[in-house]
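Letters A, B, ... mirror the listed sequences (proteins, then strands); counts begin at 1.
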Protein chains: 2
Amino acid sequence: MSEASSLPFFAELAELARSLGHTHRLQLLDLIAQNEHSVERLAELAGLSLANASQHLQHLKRAGFVTTRRDGKRIFYRLSDGPIAPLLAALKAQAEFNHKQLATFIADSRSRPDRLEAIDAEELLRRMREDSVTLLDVRAETEYAVGHVPGAVNIPLPELARRLAELRKDQEVIAYCRGSHCALSAEAVRALSALGYKARHFDSGLPGWQALGLAISSLQSSGSKAGL
Amino acid sequence: MSEASSLPFFAELAELARSLGHTHRLQLLDLIAQNEHSVERLAELAGLSLANASQHLQHLKRAGFVTTRRDGKRIFYRLSDGPIAPLLAALKAQAEFNHKQLATFIADSRSRPDRLEAIDAEELLRRMREDSVTLLDVRAETEYAVGHVPGAVNIPLPELARRLAELRKDQEVIAYCRGSHCALSAEAVRALSALGYKARHFDSGLPGWQALGLAISSLQSSGSKAGL
DNA sequence: CAATCATTCAATAAAGTAATTGAATGAAAT
DNA sequence: ATTTCATTCAATTACTTTATTGAATGATTG
């Protein structure tokens, strides 16, 4: 049922999927879904250059998601009357499913205490120097604000599920928390590992970092309150 | 409603979409949907190298479309219990919508006889030499088999809608048919243009090509009967 | 506990995609 | 006609993704 004969069909679907596979195009599509707009307007709303917006819009047009209409000097893009809404809804549903999966996994792993791979300070420092790891601070925002390892990203454990997108998939993630008595980073690592991320924890946490005489960063005003 | 705050969300959806944006991954997903399989089996069924299949499978896993289970030496991939079916159905629906759109457009344009850009033999030959055009023969398969311009792709006009994927989007398409009295290539050009393809027709068609003393190709046995 | 074997990882090479610039198009207004 | 102006095109550059190879992993089997 899925031999050579259906390969061109898969290729066609893949092309459609790729058309949705770019932040700017999804954003443009979302703007167009709200209202018909000219290229200039869309570029402005999305914060893109004109030429760049134009190219992304043409990409969407070729995929059949939008159509154009000329009125005087400008060209207006609007949604085609194809089944775009269900398609986007299905995408969102999958995203939500993933969030739930991770949330329940974190809850589950709270009970199952198997041991995990740790990273020692020496390797961590080396890897940080060559920028080959993502350092993840899973403590609360307030704790992070007071002091954190320089360069670390802060995603409190309860929010990890819905903020996965902030982690690079191509790098190993090193989670840390308050130290070896604190289970937060271990849970994060278990959850991330189960999702196919490469993850370890820096077991001694922020105290261990400070004990080595290394500098920490802090936030003056609480600046990074990104929306849900 | 669609400001900076939702950008990470779009980025997340885009990543999901990209996970479906590759022929091999869709094919693997289709195989997995039919039955749980080991990596080796999937690689074999899809005609991929082991490492390549493994990487695509991990990509699908990270996107939450599949999960794994270890049994002895091998690892089995099966569908996750997320909403994958509706997602794929929505993609297919969009593909079908595009086919229909094009089909009706071709039907419509049969009546509306506006003139189109043509390409002359000289330019055609030059562009063919530098491989910067896709030459499209829109006549019936049997006619193509008897003789066609060397290098031309054959997609009979009635099949154009569902075989669009065979045309490169990054090159101009030059359609030709039986000659200037024949409307097939003109219709193809109108349809392709409306979809955002860059398209012109070689108005004098195959007779014009032969009149210049240029060689034609033919097929011995009818070899290229690709499935729907 | 050494060997085997399915799978994954790592590194590199190849291909494809995106952003940017400035020029070209083509409809409308003067 | 000529100018204006929104959009697109073309060409370059930078970036990202994919394929390939061979080595590493890690669970079973003898």
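Distances shown here put every side-chain N or O of S49(B) at or beyond 4.0 Å from the OP1 or OP2 atom of dA19(D). Applying the 4.0 Å criterion to OP1 and OP2 of dT17(D), one finds that H59(B) has every side-chain N and O outside that range. Within the 4.0 Å cut-off from OP1 or OP2 of dA6(C), not a single side-chain nitrogen or oxygen of R70(B) is found. Residue H56(A) places no side-chain N or O under 4.0 Å from the OP1 or OP2 atom of dT17(C). Proximity of S54(A) to the phosphate of dT7(D): no side-chain N or O atom is located under 4.0 Å from OP1 or OP2. K198(A) has a side-chain polar atom (N or O) that falls below the 4.0 Å cut-off from OP1 or OP2 of dA10(C).
In the set dA19(D), dT7(D), dC5(C), dC5(C) carries the atom at the smallest distance from any side-chain atom of K73(B). Checked against dT17(C), dA19(D), dT7(D), the side chain of R18(A) finds its nearest nucleotide in dT17(C). The side chain of V39(B) lies closest to dT8(C), out of dA28(C), dT8(C), dT8(D). Of the listed nucleotides (dA19(C), dT20(D), dT7(D)), dA19(C) has the atom at the smallest distance from the side chain of H22(A). When each of dT18(D), dT17(C), dT20(D) is scored by its nearest atom to the side-chain atoms of A51(B), the top-ranked nucleotide is dT20(D). Nearest nucleotide to the Q58(A) side chain, out of dC5(D), dT8(D), dT7(C): dT8(D).
Ring geometry for H22(B) versus H56(B): interplanar angle of 30 to 60°, hence tilted.
In terms of the side-chain hydrogen bond (donor to acceptor under 3.5 Å, both in side chains) criterion, residue partners of Q58(B) (sequence neighbours excluded) are, by chain and number, S54(B).
Protein atom CZ of R69(A) is 15 Å distant from nucleotide atom C1' of dA27(C), rounded to whole Å. Distance CG (L50(B)) to P (dT18(D)): 18 Å, rounded to an integer number of Å. In this structure, the CG atom of L57(A) is 11 Å from the C1' atom of dT7(D), given to the nearest Å. L28(A) places its CG atom 15 Å from the C1' atom of dT7(D), with the value rounded to the nearest Å. Distance D71(B) CG to dA27(D) C1': 11 Å, rounded to the nearest Å. The distance from atom CG of N52(A) to atom C1' of dT12(D) is 15 Å, rounded to the nearest whole Å. Rounded to an integer number of Å, the gap from NE2 of H24(B) to P of dT17(D) is 17 Å. When the C1' atom of dT17(C) is taken as reference, atom CG of L48(A) falls 16 Å away, rounded to whole Å.
Positionally, the nearest nucleotide of DNA chain C for I75(B) lies more toward the 5' end than for the other of I75(B) and Q55(B).
Heavy-atom minimum distance, K73(B) versus R70(B): O-NH2, 3.8 Å. When all heavy atoms of L88(A) and L26(A) are compared, the pair lying nearest together is CD2-CD2, 4.1 Å.
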Trace of the side chain to side chain contact (heavy atoms under 4.5 Å, CB included) decision for Y77(A) with R69(A): CA-CA 7 Å; Y77(A) 278 80; R69(A) 163 179 87 81; over 6 Å; no
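Residue contacts shown for Y77(A) are limited to sugar-phosphate atoms, with no base heavy atom under 4.0 Å away. Across all strands shown, R25(B) has heavy atoms under 4.0 Å from sugar-phosphate atoms exclusively, and none from any base.
The closest side-chain donor-acceptor pair between T68(A) and K61(A) falls under 3.5 angstrom.
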